Amino acid sequence: MVRKRKRKEEQKFKLDKRTQYYLNTLVDIIGKMYGDTARKVIEHIIESGGSAPEETLGRDAGVKSNEARKILQKLANEALLTCRGKKVGDKVLHFWTLNLDQVEGILVNRLKRTREKLETLLKYEEENILYECPTCGRKYTLDNALDNDFRCPYDDTILMETNKEEIIELLKKKIKEIDDELRKLGVRVA
Ligand SMILES: [Zn+2]
């Protein structure tokens, strides 16, 4: 009887390829957004099968308890974690559980926001002619360059039109990478 129940619990957090991919991406994003401590906390919860008690989390994840608590709260605000008290022996432990069904939405939103920022940058680069001072490296818009007779006001060097191709290529490449990620997450991309 006990054995059977144990097996059932293990199955609860069985990870298919798609979920595994979501979780890896999630760990990366959490690390970028909230830092290394947060990364350790979320990794620990995932490794614990999706749920871990607050009382031992700091120690088990190798982070300070008060920092772990702050991070748990932040992730709860993102609807990523839920806390529930559970009686273990004669104590009540506070279990933090990963909301798997929230993960996909959070990832997609994050990617979409980044994509929008990149699109804005790309548009700016494409629409604005930029000039650069070969001496000090300062950049000028066409209007600024005109105002200064195409000379750098700091060192009087003649301004050169910047090589935007490289930047534009890089931005397009990053946008394409995000589109690939979004497709993997099942989002329709134009
Ligand atoms: Zn200059």
Side-chain angles (χ1 to χ4, degrees), residues 18 20-46 58 61-81 98 102-190:
R18 192 175 160 106
Q20 189 63 59
Y21 171 75
Y22 286 166
L23 291 177
N24 289 342
T25 313
L26 178 76
V27 168
D28 279 348
I29 288 175
I30 297 288
K32 278 180 198 148
M33 281 174 79
Y34 302 110
D36 212 35
T37 308
R39 188 191 171 95
K40 281 182 191 165
V41 167
I42 199 77
E43 263 177 343
H44 174 71
I45 292 174
I46 292 169
V63 300
K64 285 184 186 151
S65 296
N66 57 336
E67 281 179 28
R69 222 168 288 132
K70 273 186 216 159
I71 284 157
L72 291 168
Q73 205 54 62
K74 276 184 198 164
L75 299 180
N77 292 342
E78 295 247 8
L80 198 56
L81 297 176
L98 181 67
Q102 293 288 326
V103 174
E104 184 174 341
I106 287 169
L107 294 183
V108 169
N109 280 338
R110 178 92 187 145
L111 286 168
K112 280 185 175 170
R113 277 208 298 272
T114 309
R115 193 188 192 286
E116 271 169 31
K117 281 184 201 158
L118 290 170
E119 282 280 6
T120 308
L121 281 174
L122 179 63
K123 216 171 157 214
Y124 181 82
E125 287 291 340
E126 281 176 338
E127 286 174 359
N128 291 279
I129 299 171
L130 287 174
Y131 290 84
E132 191 174 12
C133 169
T135 305
C136 69
R138 284 185 175 86
K139 287 199 163 98
Y140 301 92
T141 61
L142 178 60
D143 283 349
N144 282 333
L146 269 169
D147 286 346
N148 293 297
D149 291 324
F150 293 93
R151 283 182 179 274
C152 177
Y154 291 88
D155 45 45
D156 209 38
T157 312
I158 293 172
L159 299 176
M160 309 275 287
E161 209 173 302
T162 55
N163 181 15
K164 293 194 301 180
E165 290 309 307
E166 225 172 285
I167 301 165
I168 287 173
E169 278 312 303
L170 185 74
L171 288 170
K172 281 185 177 167
K173 196 176 151 232
K174 290 205 164 184
I175 290 170
K176 197 189 161 288
E177 280 169 10
I178 289 182
D179 285 348
D180 289 345
E181 292 281 317
L182 284 169
R183 271 189 210 101
K184 278 189 212 164
L185 291 165
V187 179
R188 212 182 259 270
V189 185

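Counting begins at 1 with the first residue of the sequence. Computed from a prediction, not measured in an experiment: that's the story for all the values here. These numbers come from the heavy atoms of this one structure, side chains and all, not from hydrogens, waters or symmetry mates. Indexing begins at 1, ligand by ligand and atom by atom, following the structure's order.
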Query - Angle subtended at the Zn ion (ligand 1) by C152 SG and C133 SG, rounded to 10 degrees - result: 110°
Query raised in the report: When you measure from the side chain of R151 to the backbone N and O of D156, does any donor-acceptor pair fall under 3.5 Å?
Result: yes
**Report entry** Residue pair L121 / I167, side-chain heavy-atom distance below 4.5 Å
**Finding:** no
Query raised in the report: Is K164 reaching over with its side chain to a backbone N or O of N128, donor-acceptor style, under 3.5 angstrom?
Result: yes
Query raised in the report: Any N/O/S atom, backbone or side chain, of D156 lying under 2.8 Å from the Zn ion (ligand 1)?
Result: no
Query raised in the report: Would you say T162's side chain and L130's backbone share a donor-acceptor pair under 3.5 angstrom?
Result: yes
Query raised in the report: To the nearest 10°, how many degrees is the angle D155 OD1 to the Zn ion (ligand 1) to C136 SG?
Result: 150°
